[in-house]
Amino acid sequence: MKKKDYIKLAVVTIIIMTASTLLLYLGAAGSWDARISDWLNQKETVTDKKIYIIGIDDKTLGKYGPVNTWSRDLPAKLVETLNRDEKARPAVIGFDVIYSENVDDAGDMHFAEACKKAGNVIAAMSFSFKEQPETAADGTVTYNPYHIENVITPYQSLRESVTCGFANTTIDPDGCVRQAMAYIDYQGEPVYSLSFQAYRKYMESQGSEARLPDTYGRNNSFYFSYSGKPGGYNLVSMADVLDGTVDPGIFQNAVVLVGAYAVGMQDAYPPAISHNSQMYGVEIHANIVEALLDGKTQLPVSPGLYALAGGLICGIFFLLARKTKILISSILLAVLVVLDIVLTRLLYTGGIITPVILLPVLLAIIYLVRLIQGYLVEIHRRRHVLNVFKQYVAPQVVDKISRDRDFELVLGGENRHIAVLFVDIRGFTTMSESLRPDEVVEILNEYLSLTTRSIFDNGGTLDKFVGDATMAVFNAPFDLDHYIFRAVCTAWDMMAGADAIADQLEQRFGRRVAFGIGIHCGEAVVGNIGCDFRMDYTAIGDTVNTAARLESSAERGQILISQQVYEAVKDQVEVTSIGQIPLKGKSNGVFVYQLDKVIK
């Protein structure tokens with residue numbers, strides 16, 4: 001790889017790194033990428049772990065009335081029922097209900113004593129956050145979105161009888177729940193979440209140690225994998241437990257979560273596993289507990305590391321795309337996209353969340369830029385080639401190639417009636433012997449420019465240069481009106497321009513040269529003559545030979561036209577009859593006229 005390629009790679013890498021970092025930090029890739037990640041990674045995999053939900057559902061509300069009218073005797077009775085048999089009681093009972101105020105002294109005390117006796121109850125608390133500026137020790141001011149403004153805890157006697165855990169739900173900008181907070185630093189001490197407290201108490205009951213998940217950010221968050229969709233966990237109505245319809249023995253050694261399971265209680269959110277439905281908060285806690293048990297938690301990838309890796313991949317793809325064909329670039333793009341999806345899935349399984357479509361989008365942008373760049377370069381190259389090509393072949397041929405998509409350069413030709421003009425510089429060979437090569441070329445270019453310009457101005461086709469001679473055809477490759485008269489006008493224009501050039505040469509070099517021109521018309525074969533790898537667009541046949549012989553017979557400053565040409569333009573020219581002259585290679589002579597004037 002050349003030095004300039006390394007420089008380009010470095011520039012592209014820096015640009016991609018910067019763009020990726022900004023997208024990640026500013027969340028521009030946010031919601032749409034997160035939803036695709038959900039579709040790819042969130043799968044329903046509820047295991048046989050014993051996690052039960054006792055729902056405060058419509059049946060319970062219908063039997064006992066609204067929750068805010070209940071005596072605390074009801075939850076106390078639930079705790080006593082679940083713990084009645086010491087050998088068949090739950091490992092943990094978590095209440096996703098905040099009992100923050102005293103209702104009646106007897107009921108409140110009953111509930112607190114029942115929980116204290118059970119020893120396996122976790123009660124919910126809640127933090128109220130408010131964004132607020134904070135000043136660090138060095139004087140730096142930052143804004144803390146998780147400044148604790150208020151704490152709602154269970155009433156005092158209950159708080160002293162249970163383990164507390166906050167039940168706050170973390171909602172992403174698109175409204176879905178994908179993250180949870182493990183703990184919050186409050187007054188110098190960590191306060192753990194309801195889900196983590198339930199997980200820890202369950203692990204302790206099993207004789208194992210709970211592992212705090214890796215977290216990020218000042219709110220100590222982590223992502224988690226859902227195991228069940230709404231309704232995916234074992235649900236039992238609280239009313240059925242209290243009236244004895246359900247045997248409490250089914251909750252033996254299980255995690256039991258008690259919470260709202262009715263629409264009117266307004267405790268439901270869109271889960272990452274099912275965007276179009278609502279999941280009750282108690283179910284979300286159940287999913288978090290199972291994720292902690294199975295180690296299915298994740299952290300977001302480091303933006304800097306992702307930007308570096310993504311930038312290198314994009315930079316290398318940019319260089320390869322520039323040096324390969326479109327088909328190869330397309331295949332490479334498809335392979336990289338597939339690998340990105342596979343790697344994203346593997347990293348998620350390993351506990352790292354990476355953007356799913358950010359890198360493919362950047363690669364697609366590079367690919368599109370490559371296409372556009374290639375298209376523009378091809379247009380520029382085509383125009384350049386066509387402009388250069390016009391210097392060698394007839395511009396009409398080049399123009400047709402550029403316009404006609406069906407045009408093909410193939411060997412072969414067609415019979416056409418054409419006019420053929422040959423012009424040669426008289427005295428050029430003798431003069432060139434006494435001049436320097438650069439002077440010879442200068443003079444020759446002056447004359448050839450004149451002949452070419454005269455041909456093009458009259459719509460003719462420049463066939464070829466042969467030394468100091470020029471051949472032109474009219475009415476090929478396309479039909480041309482008055483093509484015989486146009487050939488005559490071309491010869492006249494050449495003579496007019498030749499006099500001015502001859503005067504200049506005489507002043508500079510003391511030499512004077514002039515044209516000899518011959519014109520004939522008739523049938524000829526016109527087309528691509530040659531072989532598959534080298535062909536020439538030209539005209540061949542007796543008409544061409546006759547025009548060449550007329551040119552060789554012309555004197556200095558003389559234009560000779562054949563009888564056929566004269567008959568076609570006699571009303572527009574003045575001539576002098578030369579009579580029949582012999583031409584080399586022809587058994588019979590040709591009647592010839594000298595062109596004296598053109599009446600345009």
Side-chain angles (χ1 to χ4, degrees), residues 53-57 60-61 64-79 82 90 92-116 118 120-130 146-171 177 180-184 186-187 189-201 219 238 241-242 255-269 278-289:
I53 294 175
I54 295 180
I56 304 174
D57 55 3
T60 304
L61 296 175
Y64 298 106
V67 174
N68 58 1
T69 65
W70 290 2
S71 167
R72 299 291 158 74
D73 284 327
L74 275 179
K77 183 181 178 182
L78 178 64
V79 172
L82 294 175
V92 56
I93 303 170
F95 280 91
D96 186 21
V97 180
I98 301 177
Y99 299 103
S100 59
E101 298 178 356
N102 294 96
V103 176
D104 63 279
D105 292 340
D108 295 341
M109 186 56 66
H110 182 195
F111 186 30
E113 290 176 350
C115 292
K116 185 175 183 180
N120 60 353
V121 178
I122 299 172
M125 58 181 291
S126 178
F127 288 100
S128 295
F129 302 106
K130 181 180 180 180
Y146 295 99
H147 173 77
I148 299 173
E149 184 179 40
N150 187 30
V151 182
I152 303 174
T153 63
Y155 58 90
Q156 184 175 351
S157 59
L158 179 61
R159 185 168 67 248
E160 294 172 351
S161 303
V162 298
T163 300
C164 291
F166 63 86
N168 296 73
T169 301
T170 302
I171 302 174
V177 178
M181 291 181 283
Y183 64 95
I184 292 174
Y186 180 60
Q187 296 180 345
E189 295 291 334
V191 178
Y192 297 97
S193 68
L194 176 68
S195 303
F196 182 77
Q197 294 285 41
Y199 154 70
R200 181 161 66 176
K201 191 169 284 290
N219 60 334
M238 182 175 174
V241 177
L242 291 175
V255 176
V256 176
L257 299 175
V258 183
Y261 216 89
V263 176
M265 297 185 72
Q266 297 181 345
D267 185 27
Y269 311 89
Q278 296 282 308
M279 178 177 284
Y280 292 107
V282 68
E283 284 186 293
I284 293 176
H285 288 301
N287 275 282
I288 297 172
V289 171

Could you tell me if the side chain of [Y] sits less than 4.5 Å from the side chain of [X], heavy atoms only?
X      : Y      : answer
Val258 : Val282 : no
Phe95  : Val79  : yes
Ile184 : Asn219 : no
Val177 : Met279 : no
Asp96  : Asp267 : yes

*Counting only heavy atoms not in Gln156, do more than 12 fall under 6.0 Å of its CD?*
no
Out of curiosity, [X] [atom1] to [Y] [atom2], how far, rounded to the nearest 0.5 Å?
X      : Y      : atom1 : atom2 : answer
Asn150 : Lys130 : CG    : NZ    : 11.5 Å
Ile148 : Tyr186 : CD1   : OH    : 6.5 Å
Phe111 : Asp104 : CZ    : CG    : 12.5 Å
Ser195 : Asn287 : OG    : CG    : 9.5 Å
Ile284 : Gln278 : CD1   : CD    : 9.0 Å
Ile122 : Lys201 : CD1   : NZ    : 6.0 Å

Taking all non-hydrogen atoms of both residues, which atom of [X] and which atom of [Y] are closest, and how far apart?
X      : Y      : answer
Ala123 : Pro154 : CB-CG, 4.0 Å
Val241 : Leu82  : CG1-CD2, 4.1 Å
Pro90  : Asn120 : O-ND2, 3.0 Å
Thr69  : Pro66  : OG1-O, 2.6 Å
Gly55  : Thr60  : O-OG1, 3.6 Å
Cys164 : Met125 : CB-SD, 3.9 Å

_Test side-chain contact (heavy atoms from CB on, under 4.5 Å) applied to Asn168 - qualifying residues, sequence neighbours left out_ = Ser126, Phe127, Phe129, Phe166, Met181
_Flag for Gln197-Arg200: side-chain donor and acceptor within less than 3.5 Å_ = yes
*Flag, side chain of Tyr99 to backbone of Leu158, donor-acceptor distance under 3.5 Å*: no
*Using 30° and 60° as the class limits, which term best fits the ring planes of Trp70 and Tyr64: parallel, tilted or perpendicular?*
perpendicular
